[in-house]
Amino acid sequence: MSQSRHAKDPLAVTPKELSGAQLDELLTIIAGFEGVEGAALPILHAIQSAFGYVPQAAVPILADKLNRSRAEIHGVVTFYHDFRSQPAGQHVVKLCRAEACQSMGGNHVAEVVEAGLGIGMGETTADGRVTLEPVYCLGLCAVAPAAMVDGRVIGRLDEAKAGALIAEVAP
Amino acid sequence: MTLRIFVPGDSGALAVGADEVAAAIAAEAGKQGLAVTLVRNGSRGLYWLEPLVEVETPAGRIAFGPVTPDEVQELVAGLASAPADPSPPGEGPPRSGGGGVGASPEEPHPSQSFARIPSPLEGRDRAAAPFTSHPLYLGPTEDISFLKRQTRFTFARCGVIDPLSLEDYRAAGGLKGLQAALALTPETIVDQVTQAGLRGRGGAGFPTGIKWKTVLAAEGPRKFVVTNADEGDSGTFADRMLMEGDPFVLIEGMIIAGLAVGASHGYIYSRSEYPHANRVMEKALAIAESAGLLGMDILASGRTFTIELRIGAGAYVCGEETALLESIEGKRGQVRAKPPLPAIKGLFGAPTVINNLLTLASVPFILAEGAAAYAAVGFGRSRGTMAVQLAGNIRHGGLFETGFGVSLGELVEDIGGGTATGRPVKAVQVGGPLGAYFPPSLFDTPFDYEAFAARDGLIGHGGIVVFDDTVEMAQQARFAMEFCAIESCGKCTPCRIGSTRGVEVVDRIIAGHDVEADAALLADLCDTMKFGSLCALGGFTPYPVMSALTHFPQDFGIVPPNGRMEAAE
């Protein structure tokens with residue numbers, strides 16, 4: 001414990017989570033933001049886009065490169081809903097749970113999707129195929145209820161459309 | 001010449017099949033030998049008619065909608081079979097379709113050129129029949145009542161032009177405001193904005209001119225302009241629509257703000273929930289840069305302005321201006337105590353103009369048309385127009401830009417057409433998740449900052465979410481507290497702990513134990529949150545909670561069931 005806390009080289013405390021090639025990729029991503037002020041969020045987005053999540057190993061490295069404490073970077077990663085500590089399923093289904101979607105039966109649609117996938121909000125199916133997440137507003141409030149499946153937007157969801165959505169991501 | 005057909009690329013339209021319709025039109029036009037240029041415009045904001053397909057004719061654009069891929073064959077056949085117009089073809093300049101998908105443009109069919117499409121305005125002509133008899137025919141777009149009744153200053157081009165064509169933007173009056181601003185002193189620009197009476201459109205309604213004046217007067221080696229495009233409120237989508245439908249108006253507004261206060265760099269803080277909008281914005285920034293609109297020498301004026309797009313990471317509280325600044329700085333999105341104001345000590349400690357996207361996008365009109373033209377519209381101290389967003393359980397959901405002062409009832413019942421389900425309206429939430437729930441008995445409230453505040457509500461970012469009589473208001477109050485608990489940044493106790501305790505109290509009320517005492521406790525808790533929280537998240541969560549309790553006590557078990565109809569009226 002004390003050894004890792006006082007280690008000068010952050011790479012020395014890196015858990016064996018990343019391969020050498022992955023470590024290189026991580027360092028390349030961070031290097032790409034040199035000179036960008038307040039780069040933590042853009043870097044974390046880039047890491048998640050490359051790895052599918054933010055590996056624990058990235059935290060001390062990022063802290064070192066940005067001259068911030070590990071606690072601070074850990075705080076940033078955990079503060080924002082977007083950043084994952086585990087890879088998501090192959091498909092990510094985001095269901096809007098906010099008021100406009102609620103007013104059009106969004107809660108019922110959410111129940112249908114949860115039952116159809118056999119998981120709750122924030123969970124991933126056992127086969128790793130689908131991750132279901134709540135989202136608070138996709139800006140599709142006039143075509144509610146709405147969802148986003150792998151970045152594709154879907155409006156006016158009803159039971160039939162929810163069924164088609166489930167069949168598509170979890171055949 | 002080829003026929004120009006507009007199919008929105010707006011995500012609200014995409015969500016109901018616009019891409020499929022566009023692909024079907026391209027395929028069908030190819031099959032039927034009709035030369036077509038597809039333009040992916042923004043949305044006009046008539047979402048119940050999306051996908052709204054428009055066809056350009058010499059007499060203006062005519063609309064069809066909502067179009068499904070199944071109906072495309074008939075639609076294209078109607079266009080293709082239009083008999084030759086005896087009048088000579090129109091001589092408009094050929095136009096390129098920007099981001100459009102061309103359907104065999106290299107092979108225009110000689111007998112089916114653009115100019116031969118008969119005008120729907122000459123509807124008596126039999127030639128017009130294929131248009132007017134089409135089941136989805138809506139007539140000239142501009143004549144659709146929902147659109148015709150609006151006063152569009154900020155959204156004048158949204159849904160009309162190709163969002164990524166700077167040429168279209170300029171032709172439709174874009175950059176006039178910037179050209180005017182380049183000839184003015186910073187003081188004069190600030191003065192114009194002040195004279196226009198523009199107030200922040202994000203919710204607080206603070207006078208924009210005063211904010212800018214403070215930044216102009218502030219000393220600092222560098223200053224910033226920050227656009228708050230973190231539109232997290234449910235029921236609001238105006239920022240998204242504008243980024244997708246007219247991104248250059250925001251860029252122009254930010255440059256003008258930069259000229260006004262002496263800033264040469266700006267940030268747009270948008271949301272990860274808006275991937276389509278962010279893609280359009282990113283492209284627009286690149287186009288503006290390569291055209292010399294952004295950079296070291298904007299429009300060859302010797303002035304410098306650059307813009308960076310930053311994307312949030314799913315934290316509602318980052319819509320609060322000081323949390324947003326922290327987030328751009330790469331920190332947790334926790335609010336800062338004010339003072340110091342961001343105008344004095346903002347981003348990276350420098351004087352910063354931070355405005356809502358709609359505020360900055362209103363500025364080009366003011367500079368182009370004059371402060372008086374803007375101030376001439378409005379109500380009381382709320383000048384200009386507001387982008388009202390009609391959402392939720394509403395028949396005619398969409399964007400309605402209008403001068404302040406229109407009544408809530410007119411917006412919901414008349415313009416919005418009542419509920420989509422056809423059931424009676426029970427409540428409307430105005431101003432997002434932190435806005436009050438109003439019963440129909442308050443529908444005479446004029447849309448105006450002060451009028452809503454006088455009735456313990458707020459107009460926020462202009463979103464109106466309609467609920468029919470199936471909604472349970474105690475559950476909505478619970479959701480408001482729960483949302484606050486999920487999204488609290490945790491910095492101040494009333495918000496962080498009050499919201500969790502709030503969920504518990506509402507749960508006890510719903511369970512029916514000692515309801516009167518718990519209702520009193522809830523009111524007390526709301527009072528503490530309202531006056532003790534650092535920012536609007538904790539401070540305004542009491543609005544939905546208390547309005548639900550005040551206007552719908554029967555839903556909390558406070559009035560016996562026979563009092564229900566009376567209170568729900």
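Proteins come first, then strands; the chains are lettered A, B, ... in the order of their sequence lines, and each starts at number 1.
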**Q** Indicate, with yes or no, if the rings of B:Phe483 and A:Tyr136 have centres closer together than 6.0 Å.
**A** yes
**Q** Which region of B:Leu390, side chain (C-beta onward) or backbone (N, CA, C, O), has a non-hydrogen atom less than 4.5 Å from a non-hydrogen atom of chain A, or is it both or neither?
**A** backbone
**Q** Does anything in residues 94-123 of chain A get under 4.5 Å of chain B by heavy atoms, and if so which residues?
**A** A:Arg97, A:Ala98, A:Glu99, A:Ala100, A:Gln102, A:Ser103, A:Met104
**Q** Can you tell which of B:Phe479, B:Tyr274, B:Tyr47, B:Trp48 has the highest number of heavy-atom pairs within less than 4.5 Å of chain A?
**A**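 Most pairs with chain A among the choices: B:Phe479.
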**Q** What ring-ring contact (aromatic ring centres under 6.0 Å, His included) pairs are there with at least one residue in residues 34-87 of chain A, not counting sequence neighbours?
**A**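 Applying ring-ring contact (aromatic ring centres under 6.0 Å, His included) to every pair that reaches into residues 34-87 of chain A, excluding sequence neighbours, yields A:His45-A:Phe83.
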**Q** Report which part of B:Glu231 has an atom under 4.5 Å of a heavy atom belonging to chain A: side chain, backbone, both, or neither.
**A** neither
**Q** Give the C-alpha distance, both sets of side-chain angles, the deciding distance and a yes or no for side-chain contact (heavy atoms from CB on, under 4.5 Å) between A:Leu41 and B:Arg310.
**A** CA-CA 8 Å; A:Leu41 255 64; B:Arg310 285 291 173 92; over 6 Å; no
**Q** Identify which of B:Ser11, B:Gly333, B:Ala391 forms the greatest number of heavy-atom pairs closer than 4.5 Å to chain A.
**A**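 The residue among B:Ser11, B:Gly333, B:Ala391 with the greatest pair count is B:Gly333.
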**Q** Heavy-atom distance under 4.5 Å to chain B: side chain of A:Val143, backbone, both or neither?
**A** side chain
**Q** At a 4.5 Å cut-off on heavy atoms, which part of B:Pro433 comes close to chain A: side chain, backbone, both, or neither?
**A** both
**Q** Between B:Thr236 and chain A, with a heavy-atom cut-off of 4.5 Å, which part of the residue counts as in contact: side chain, backbone, both or neither?
**A** backbone
**Q** Relative to chain A, which segment of B:Thr470 carries a heavy atom at a distance below 4.5 Å: side chain, backbone, both, or neither?
**A**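 No part of B:Thr470 comes within 4.5 Å of chain A.
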**Q** For the backbone of A:Cys137 and the side chain of B:Arg271, can you confirm whether one donor and one acceptor N or O come within less than 3.5 Å of each other?
**A**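 Yes.
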**Q** Is B:Glu50 in contact with chain A via its backbone, its side chain, both, or neither, using a 4.5 Å heavy-atom distance?
**A** backbone
**Q** Could you grab the distance from atom CG of A:Leu44 to atom CD1 of B:Ile311, nearest 0.5 Å is fine?
**A** 14.0 Å
**Q** Please look at B:Cys489 and chain A and tell me whether the side chain, the backbone, both or neither of the residue comes under 4.5 angstrom of a heavy atom of that chain.
**A** both
**Q** Flag the one option from A:Ala142, A:Ala39, A:Pro42, A:Ala40 with the top tally of heavy-atom pairs under 4.5 Å to chain B.
**A**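 Answer, by heavy-atom pair count under 4.5 Å with chain B: A:Ala142.
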**Q** Highest number of heavy-atom pairs under 4.5 Å with chain A: which of B:Ser234, B:Gly232, B:Ala313, B:Gly312?
**A** B:Ala313
**Q** Taking the side chain as everything from C-beta on, heavy atoms only, tell me whether B:Glu308 gets closer than 4.5 Å to A:Val36.
**A** yes
**Q** Against chain A, work out which of B:Pro544, B:Ala420, B:Gly432, B:Ser272 has the most heavy-atom pairs shorter than 4.5 Å and name it.
**A**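 Result: the option with the highest number of such pairs is B:Ser272.
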**Q** Quick check on B:Glu472: does its CD atom have over 12 non-hydrogen neighbours (other residues, nucleotides or ligands) under 6.0 Å away?
**A** no
**Q** Rounded to the nearest 0.5 Å, what's the gap from CZ on B:Arg240 to CG on A:Leu138? Could you check?
**A**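 B:Arg240 atom CZ to A:Leu138 atom CG measures 9.5 Å (nearest 0.5 Å).
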**Q** Does atom NZ (A:Lys65) have a neighbourhood of more than 12 heavy atoms from anything else shown, all under 6.0 Å?
**A**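 No, the 6.0 Å shell around NZ holds no more than 12 heavy atoms from other groups.
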**Q** By a 4.5 Å heavy-atom criterion (distance strictly below it), what part of B:Leu399 contacts chain A: side chain, backbone, both, or neither?
**A** neither
**Q** For B:Val317, is it the side chain, the backbone, both, or neither that has a heavy atom closer than 4.5 Å to a heavy atom of chain A?
**A** side chain
**Q** Under 4.5 Å, counting heavy-atom pairs only, tell me which of B:Gly397, B:Ala277, B:Gly235 racks up the most with chain A.
**A**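 Of the options given, most contacts go to B:Gly235.
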**Q** So, for A:Met148 and B:Pro275, which heavy atoms are closest and what is the spacing to 0.1 Å?
**A** SD-CG, 3.8 Å
**Q** Within this structure, what is the NE2-CD distance for the pair B:His265 and A:Glu37, rounded to the nearest 0.5 Å?
**A**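 Between B:His265 NE2 and A:Glu37 CD, I get 8.0 Å after rounding to 0.5 Å.
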**Q** Between B:Val465 and A:Cys141, is any pair of side-chain heavy atoms under 4.5 Å apart?
**A** no
**Q** B:Gln476 versus chain A, heavy atoms under 4.5 Å apart: side chain, backbone, both or neither?
**A**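 Contact with chain A: side chain only.
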**Q** Please classify the contact between B:His396 and chain A as side chain, backbone, both or neither, with a heavy-atom cut-off of under 4.5 Å.
**A**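 Nothing of B:His396, per the 4.5 Å heavy-atom cut-off to chain A.
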**Q** Counting only non-hydrogen atoms closer than 4.5 Å, does B:Asp19 touch chain A with its backbone (N, CA, C, O), its side chain (CB onward), both, or neither?
**A** neither
